[in-house]
> 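First the structure, then my questions, so here it is.
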Amino acid sequence: MENIRQFVGFLMAAALLGPLSVVIVLTWVLQWRKGLAWDLGLLEFNWHPVLSTIGFILIHGFALIVYRLPWTWNFSKLPMKYIHAGLNILTFVLMIISFVAVFDFHNSKSIPNMYSLHSWIGLAAVTMYALQIVLGLCTFLLPCTPTFIKAFYMSIHVFAGLFIFGMAIATAEMGITEKLIFTLRSGSNITLSYSQSPPEAILVNTLGVFILVFGGCIFWIATRPEWKRPPDHMKENIGSEEGSIVNKMNVFVETSTDVLEAQQE
């Protein structure tokens, strides 16, 4: 791998900023927003930023770069496909729960749903994410899918994954700002408004910065061509996994054949 020190630096930054973002959002809801519960009230709503940060930001981010970890390149690609798919499915489940928490809270308090830009982009991102998962599973994990379809859809799948992650970052930034404006507004029964930069506002603004930089690290790792999984380590596991231990020359020949077939199609 080229620029291995740079790769490790960005990976360590992501591994630090991602979990720190989760710690900050938990500190926010536990210390300033009175905690977590499933009570149709504000405590249930608090699950939304927590699960969204854990799922759509942290887990989703690392799912995008799981193929680029060089210590996995000597493994068969099929287990990595399962890990990639499993992380994305877990993220989707967490997002569904976080959406239920928001709708339960809004409906119990007679608050309109889906009126803000945050909610529009968030719903669009989750909808696209569901489609991305279904198409990815059908294309890359079904043995019957022709090779030329995999070759055609791969670039679309990669772009869509990065685009949806970008939507998740943008939605998170809008959401935490929107929440601060609603809860720290002038004239309410609080000591300081958002414009006066109370400790809660500083903490949550820091959360927004950490999420943004984490997203930048993930994008950089995921888009550097020199950090892409080398083709001579890839294996298309179609059908049974018998004879899965092959030498590098056989893997190279199999991969080259797949590419030629895709081009002929």
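Numbers here simply count residues along the sequence, with the first being 1. Small disclaimer: the values here were computed from a predicted structure and weren't measured.
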> Using links of under 4.5 Å between side-chain heavy atoms of ILVMFWY residues, direct or through other members, which residues join V134 in one cluster?
none
> What closest approach, in Å, do A172 and I57 show between heavy atoms, and which atom pair accounts for it?
CB-CD1, 4.2 Å
> Taking side-chain contact (heavy atoms from CB on, under 4.5 Å) as the definition, give me every residue that meets it alongside L141, ordered by chain and number, with sequence neighbours left out.
L78, K81, Y82, A85, L137
> Given the rule that I, L, V, M, F, W and Y join up when any side-chain heavy atoms are under 4.5 Å apart, are M154 and L142 in one cluster?
no
> How long is the gap from CD1 on I202 to OG1 on T206, to the nearest 0.5 Å?
7.5 Å
> How close do V50 and L36 get, counting heavy atoms only, and between which atoms?
CG2-CD2, 4.2 Å
> Would you say W227 and Q6 make side-chain contact, with heavy atoms under 4.5 Å?
yes
> Would you sort out whether R224 and F7 count as a side-chain contact (heavy atoms from CB on, under 4.5 Å), showing the intermediate values?
CA-CA 9 Å; R224 295 304 90 197; F7 175 85; over 6 Å; no
> Quick one: which residue pairs count as a salt bridge (Lys or Arg N to Asp or Glu O under 4.0 Å) with a foot in residues 102-127, not counting sequence neighbours?
none
> With side chains defined as the heavy atoms from C-beta onward, is the minimum distance between R229 and R68 less than 4.5 Å?
no
> What pairs with H118 under ring-ring contact (aromatic ring centres under 6.0 Å, His included), at least two apart in sequence or on another chain?
none
> Just grab all the side chain to side chain donor-acceptor pair (under 3.5 Å) pairs involving residues 162-180, residues at least two apart or on different chains.
S116-E178
> Report whether L203 and L58 are members of the same hydrophobic cluster (ILVMFWY, side-chain heavy atoms less than 4.5 Å apart, transitive linking).
yes
> Could you go through F92 and V126, starting from their C-alpha distance and side-chain angles, then the distance that decides it, and tell me whether this counts as side-chain contact (heavy atoms from CB on, under 4.5 Å)?
CA-CA 8 Å; F92 182 71; V126 172; 3.9 Å; yes
> When you compare the side chain of W32 with that of V204, does any pair of heavy atoms fall below 4.5 Å?
no
> Can you check whether I211 reaches L207 side chain to side chain, under 4.5 Å on heavy atoms?
yes
> Report the distance from atom CD1 of I54 to atom CG of L94, rounding to the nearest 0.5 Å.
7.0 Å
> What are the two closest non-hydrogen atoms of G161 and Q132, and how far apart are they?
N-NE2, 3.2 Å
> Report the distance from atom NE2 of H157 to atom CG of L135, rounding to the nearest 0.5 Å.
9.0 Å
> Just verifying a value: how many Å separate T72 OG1 and I83 CD1, rounded to the nearest 0.5 Å?
8.0 Å
> Would you compute the distance between atom CG of L180 and atom OG of S195 and round it to the nearest 0.5 angstrom?
12.0 Å
> Who pairs with Y129 by ring-ring contact (aromatic ring centres under 6.0 Å, His included), at least two apart in sequence or on another chain?
F56, H60
> Taking C-beta and beyond as the side chain, do F140 and T145 meet within less than 4.5 Å on heavy atoms?
no
> For residues L123 and I121: do they belong to one hydrophobic cluster (side chain heavy atoms under 4.5 Å, members Ile, Leu, Val, Met, Phe, Trp, Tyr)?
yes
> With sequence neighbours left out, write down each residue that passes side chain to side chain donor-acceptor pair (under 3.5 Å) with N107, or none if nothing qualifies.
N113
> Does a sphere of radius 6.0 Å around CZ in F103 hold more than 12 heavy atoms from other residues, nucleotides or ligands, not counting ones at 6.0 Å or beyond?
yes
> Are the side chains of W73 and M80 in touch, meaning some heavy atoms are under 4.5 Å apart?
no
> Which donor-acceptor pairs under 3.5 Å do the side chains of residues 17-30 make with protein atoms, sequence neighbours left out?
from	atom 1	to	atom 2	distance (Å)
S21	OG	L17	O	2.8
T27	OG1	V23	O	2.8
W28	NE1	E200	OE2	2.8

> So, for I218 and F62, which heavy atoms are closest and what is the spacing to 0.1 Å?
CD1-N, 4.5 Å
> Between L87 and A63, which heavy-atom pair has the shortest distance, and what is it?
CB-CB, 3.7 Å
> Strictly by side chain to side chain donor-acceptor pair (under 3.5 Å), give each pair with a member in residues 40-59 just once, sequence neighbours left out.
none
> Could you measure the distance from the CD1 atom of I65 to the NE2 atom of H84? Nearest 0.5 Å is fine.
11.5 Å
> How close do W120 and M114 get, counting heavy atoms only, and between which atoms?
NE1-O, 3.0 Å
> Who pairs with F10 by ring-ring contact (aromatic ring centres under 6.0 Å, His included), at least two apart in sequence or on another chain?
W220
> Please enumerate all residues that pass side-chain contact (heavy atoms from CB on, under 4.5 Å) together with Y115, with sequence neighbours excluded.
P112, F182
> Going only through I, L, V, M, F, W and Y residues with side-chain contacts under 4.5 Å, is there a path from F99 to I133?
yes
> Through direct or indirect side-chain contacts below 4.5 angstrom among Ile, Leu, Val, Met, Phe, Trp and Tyr, which residues connect to I111?
L42, F45, V102, F105
